[in-house]
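In what follows, a structure is listed as structure tokens, so that the remarks can point back to it.
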Protein chains: 2
Amino acid sequence: MATRTAAQMREQAKVEYDAYLAACPSRQLLDRISDKWVGLVLSALAGGPLRYGELGRIIAGVSPKMLTQTLRGLERDGLVERRVTPTVPVRVDYELTELGRSLLPVMRAIKSWAEQHMDLVNAARAEYDAAPATA
Amino acid sequence: MATRTAAQMREQAKVEYDAYLAACPSRQLLDRISDKWVGLVLSALAGGPLRYGELGRIIAGVSPKMLTQTLRGLERDGLVERRVTPTVPVRVDYELTELGRSLLPVMRAIKSWAEQHMDLVNAARAEYDAAPATA
DNA sequence: CGGTATCCCCGGCGATACTG
DNA sequence: CAGTATCGCCGGGGATACCG
């Protein structure tokens with residue numbers, strides 16, 4: 001066995017780096033908000049509490065599974081609150097918490113940059129895609 | 001067959017909604033910056049131009065394929081510029097464009113929120129995970 | 001040095017059917 | 001009404017090997 005191979009050392013470094021990445025707050029946040037449905041749910045909830053079914057209708061393309069999964073994730077992170085009213089047919093409302101609302105400005109910043117610059121990005125893409133040869 | 005089934009109408013609505021989502025600037029931006037390596041590359045490049053190999057070493061856990069793929073995507077979007085110096089062994093530098101630099105404040109906003117609030121999020125997670133029964 | 005091309009595998013997304 | 005459980009598929013991610 002003798003010396004550890006370069007591959008082994010690299011492997012080791014990689015594992016550590018992955019662990020480091022997983023612990024990075026920015027990455028954690030990006031992982032959360034980059035989820036396909038999170039942004040939609042957040043902005044839907046920005047206007048006030050909504051029931052499960054209402055969210056499903058507003059968001060339209062979401063399956064019950066993904067909606068629940070998204071909601072659970074957000075609840076777990078303390079960004080939304082799940083409030084159950086035990087009436088005859090149960091009624092469940094979801095609402096942004098204080099923490100969840102504090103995230104809205106960030107979402108707005110993202111939206112703002114996107115609206116101001118995405119046309120440039122799209123132009124760059126078009127140009128890039130249209131360049132088959134010659135500088 | 002007569003009437004279109006509810007499933008068909010739902011399908012239709014979903015396709016349209018997906019198209020709408022795909023066109024949403026915020027979603028496009030999120031799709032880009034939420035990429036595992038994009039944030040790393042951007043912040044690495046924030047300090048000035050770097051060579052391909054340097055990026056690979058700084059970022060550590062990245063495979064050549066992913067590094068190239070990330071770089072190409074960013075170049076295509078006009079966020080980084082690829083500069084080739086045709087010396088004997090080729091030399092390639094990557095550098096943020098003006099557009100790319102304009103994105104840095106947004107990244108900082110994300111980082112800032114994360115650093116200020118992720119401990120609350122993690123606390124919420126711990127509490128959530130520790131709640132097996134009773135309110 | 002700076003990539004490209006290929007293969008494989010895993011995880012996540014969505015659809016469906018069913019329950020309290 | 002508000003979910004949960006299960007299945008299948010598809011695509012992206014990483015490792016590896018190889019070119020200019």
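Remember, it's a predicted structure, so these values are computed and weren't measured experimentally. Just the heavy atoms: all of them, side chains too, but no hydrogens, waters or symmetry mates, feed the values below. Note on naming: letters A, B, ... go to the chains in the order of the sequence lines (proteins, then strands), and numbering restarts at 1 for each one.
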### Task
State whether A:W37 places a side-chain N or O below 4.0 Å from either non-bridging phosphate oxygen (OP1 or OP2) of C:dG12.
no
### Non-hydrogen atoms of A:K36 and B:L21 that approach each other most closely
CE-CD1, 4.0 Å
### Message
So that I can tick it off, tell me whether A:R57 and A:E54 are bridged by a salt bridge, with the cut-off set at under 4.0 angstrom between side-chain N and carboxylate O.
### Response
no
### Query
Counting N and O atoms only, with roles assigned by atom type, does the side chain of A:E95 sit under 3.5 Å from a partner on the main chain of A:V80, one being a donor and the other an acceptor?
no
### Query
What integer distance in Å separates A:Q69:CD from D:dA5:P?
13 Å
### Summary
Whole-Å distance, A:D31 CG to D:dG12 P, equals 17 Å
### Summary
Of the candidates D:dA2, D:dA15, D:dT4, the side chain of A:P64 sits closest to D:dT4
### Message
From CG of B:L21 over to C1' of C:dG14, roughly how many Å is that when rounded to an integer?
### Response
14 Å
### Task
Using whole Å, report how far CE of B:M66 lies from C1' of C:dG3.
15 Å
### Query
Does OP1 or OP2 of D:dT4 have a side-chain N or O of A:R72 closer than 4.0 Å?
yes
## Note on the structure
B:D35 atom CG is separated from D:dG13 atom P, nearest whole Å, by 6 Å
#### Entry: B:Y52 side chain near C:dT4 phosphate (N/O to OP1/OP2, under 4.0 Å)
no
#### Entry: With B:S112, the side-chain hydrogen bond (donor to acceptor under 3.5 Å, both in side chains) member among B:Q116, B:E115, B:R108
B:Q116
### Query
When you match A:G53 and B:V90 each to their closest nucleotide on DNA chain D, which lands nearer the 5' end?
A:G53
### Message
Please tell me if A:R51 has a side-chain N or O lying less than 4.0 Å from either OP1 or OP2 of D:dA2.
### Response
yes
### Query
With respect to the side chain of B:K36, which nucleotide from D:dG14, C:dG3, C:dC1 is positioned closest?
D:dG14
## Note on the structure
In short, A:L104 meets A:L42 closest at the heavy-atom pair CD2-O, 4.3 Å
### Query
For A:I59 and C:dG14, what is the distance between atoms CD1 and C1' respectively, to the nearest whole Å?
15 Å
### Query
Expressed in angstrom and rounded to an integer, what is the separation of A:L71 atom CG from D:dC1 atom P?
16 Å
### Query
Roughly how many Å is it from CG in A:L67 to C1' in C:dA15, rounded to a whole number?
15 Å
### Query
Is the phosphate of C:dC7, meaning OP1 or OP2, less than 4.0 Å from a side-chain N or O of B:K65?
no
### Message
Quick check on C:dG3: is either OP1 or OP2 less than 4.0 Å from any side-chain nitrogen or oxygen of B:R82?
### Response
yes
